[in-house]
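Single-structure report; data block below.
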Amino acid sequence: MMLKVDGLASGYGRIPILHGISFDVEEGECVGVWGHNGMGKTTLLSSILGYLPATRGTVAFCGKDLTRSPAHVRARQGIGLVPQGRQIFSRLTVLENLQMGAVVLGGGETSIVDEVLELFPRLKNLLARTGGLLSGGEQQLLALARCLCGRPKMIMLDEPTEGIQPSINEEIAETLARLRKERGLTMLLVEQRREFIA
């Protein structure tokens, strides 16, 4: 079992959002969570990654209880996030954004950026461009590539198709399918569009 969430409750201050969420994600599995805005999808991912503290329940990853561990520890254990809204560093170049993604590895990995660029050939010609000058679709590809630079065992994607043109959505879906097939990458995907999960 890669991820085990058991009875997880969380929220913002005194406002509870999650009430006893339980599910498992097996290694190499892709699990989709589908629902409309305001249903707690982003809160779920934030609680798994440790951005929000659990008020009840547990989060275990690869057999380790991470319920009380801070976010940077969970990232080093191999949990990656492609956040909603992309949240790239707009003043850094594409290359610098990718290098920031590799920071979780401790700075000793220099080849990972080249490896990830092979998966995203569209980004190769954009390495010197600042993130803020990219289109929304290019920013989404960069956010996914940046996450992969941390060599995660599992990636969590928060509405990766939001506001993205169909051709980029297809590219993202194809890349994710290839990563799952060739590398056995585990994924937890939250979306409003059920067809993307299916």
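In this chain, numbering begins with 1 at the start of the sequence shown.
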Distance-minimising heavy-atom pair for Leu52 and Gly11: CD2-O, 3.9 Å
task: Go through the steps for Arg151 and Glu115 under the test salt bridge (charged side-chain N to carboxylate O under 4.0 Å, His left out), then give the verdict.
output: CA-CA 10 Å; Arg151 291 195 192 279; Glu115 290 176 29; 3.2 Å; yes
task: Could you tell me whether the side chain of Val59 reaches within less than 4.5 Å of the side chain of Leu3, counting heavy atoms only?
output: yes
In one Ile/Leu/Val/Met/Phe/Trp/Tyr side-chain cluster, 4.5 Å: Leu49, Phe23: yes
message: So which atom in Val82 and which in Cys147 form the shortest heavy-atom distance, rounded to 0.1 Å?
response: CG2-CB, 3.7 Å
- prompt: Judged by atom type as modelled, is there a donor-acceptor pair below 3.5 Å linking the side chain of Asp158 to the main-chain atoms of Thr42?
  reply: no
Atom pair CG (Leu126) and CG (Leu133), whose distance is rounded to the nearest 0.5 Å: 10.5 Å
query: Looking at Arg180 and Glu29, does any basic side-chain N land under 4.0 Å from a carboxylate oxygen?
result: no
Distance, nearest 0.5 Å, that separates CG of Leu142 from CZ of Arg86: 10.5 Å
task: Quick one: list whatever passes side-chain hydrogen bond (donor to acceptor under 3.5 Å, both in side chains) with Thr186, sequence neighbours left out.
output: none
Nearest-0.5 Å distance, CZ of residue Arg146 to CZ of residue Phe120: 12.0 Å
message: Nearest 0.5 Å, please: how far is SG in Cys149 from CD1 in Ile112?
response: 5.5 Å
statement: Heavy-atom nearest pair, Ser10 first then Pro53, reads OG-O, 3.0 Å
query: Between Leu176 and Met187, does a side-chain contact (heavy atoms from CB on, under 4.5 Å) hold up when you go through it step by step?
result: CA-CA 9 Å; Leu176 293 174; Met187 288 178 262; 3.7 Å; yes
query: Is the number of heavy atoms from other residues, nucleotides or ligands within 6.0 Å of CZ (Arg178) greater than 12?
result: yes
field: Distance, nearest 0.5 Å, that separates OG1 of Thr175 from CG of Leu119
entry: 7.0 Å
- request: Report yes if some heavy atom in the side chain of Met100 is under 4.5 Å from a heavy atom in the side chain of Glu96; otherwise report no.
  value: no
message: Please determine whether salt bridge (charged side-chain N to carboxylate O under 4.0 Å, His left out) holds for the pair Arg122 and Glu171, giving the CA-CA distance in whole Å, both sets of side-chain angles, and the decisive distance to 0.1 Å.
response: CA-CA 10 Å; Arg122 186 189 296 257; Glu171 188 173 341; 2.6 Å; yes
- prompt: Taking side chain as C-beta onward, heavy atoms only, is Glu26 less than 4.5 Å from Met2?
  reply: no
- prompt: Closest approach of Gly150 and Val104, non-hydrogen atoms and distance?
  reply: CA-CG1, 3.4 Å
Thr93 (side chain) donor-acceptor with Thr130 (main chain) under 3.5 angstrom: no
query: Do other residues, nucleotides or ligands put more than 12 heavy atoms under 6.0 Å from Glu27 CD?
result: no
Considering all heavy atoms, the nearest Leu44-Leu18 contact: CA-CD1, 3.7 Å
query: Quick one: side chain to side chain donor-acceptor pair (under 3.5 Å) pairs with a partner in residues 54-71, sequence neighbours left out?
result: Lys64-Gln77, Asp65-Thr67
task: Kindly indicate whether the side chain of Leu144, heavy atoms from C-beta on, has any atom under 4.5 Å from the side chain of Ile155.
output: yes
message: For Leu188 and Val33: C-alpha separation, side-chain torsions, deciding distance, then whether side-chain contact (heavy atoms from CB on, under 4.5 Å) applies.
response: CA-CA 8 Å; Leu188 177 59; Val33 178; 4.1 Å; yes
- prompt: Shortest non-hydrogen contact from Asn97 to Phe89?
  reply: OD1-N, 2.9 Å
- prompt: Given side chains that start at C-beta, do those of Leu127 and Leu117 come closer than 4.5 Å, heavy atoms only?
  reply: yes
- prompt: So, Arg74 side chain and Leu66 main chain: donor-acceptor pair closer than 3.5 Å or not?
  reply: yes
task: State plainly whether one hydrophobic cluster holds both Tyr12 and Leu8, where clusters connect Ile, Leu, Val, Met, Phe, Trp and Tyr through side-chain heavy atoms under 4.5 angstrom apart.
output: yes
query: Taking a hydrophobic cluster as the set of Ile, Leu, Val, Met, Phe, Trp and Tyr residues connected by side-chain heavy atoms closer than 4.5 Å, whether directly or through intermediates, do Met1 and Ile79 fall within one such cluster?
result: no
message: side-chain contact (heavy atoms from CB on, under 4.5 Å) for Met154 and Phe61? Distances and angles first, verdict last.
response: CA-CA 10 Å; Met154 180 184 78; Phe61 185 71; 3.9 Å; yes
query: What about Leu148 and Leu105, same hydrophobic cluster or not, with Ile/Leu/Val/Met/Phe/Trp/Tyr joined at side-chain heavy-atom distances under 4.5 Å?
result: yes
message: Checking Glu159 now: which residues fulfil salt bridge (Lys or Arg N to Asp or Glu O under 4.0 Å) with it, not counting sequence neighbours?
response: Lys41
Distance in Å, Ser135 OG paired with Ile164 CD1, rounded so as to fall on 0.5 Å steps: 7.5 Å
query: What do the steps show when you test Asn169 against Thr161 for side-chain hydrogen bond (donor to acceptor under 3.5 Å, both in side chains), and what is the final call?
result: CA-CA 6 Å; Asn169 283 340; Thr161 65; 4.7 Å; no
- request: Please test Leu45 against Leu81 for side-chain contact (heavy atoms from CB on, under 4.5 Å), starting from the C-alpha separation and ending with a verdict.
  value: CA-CA 8 Å; Leu45 298 189; Leu81 174 68; 4.2 Å; yes
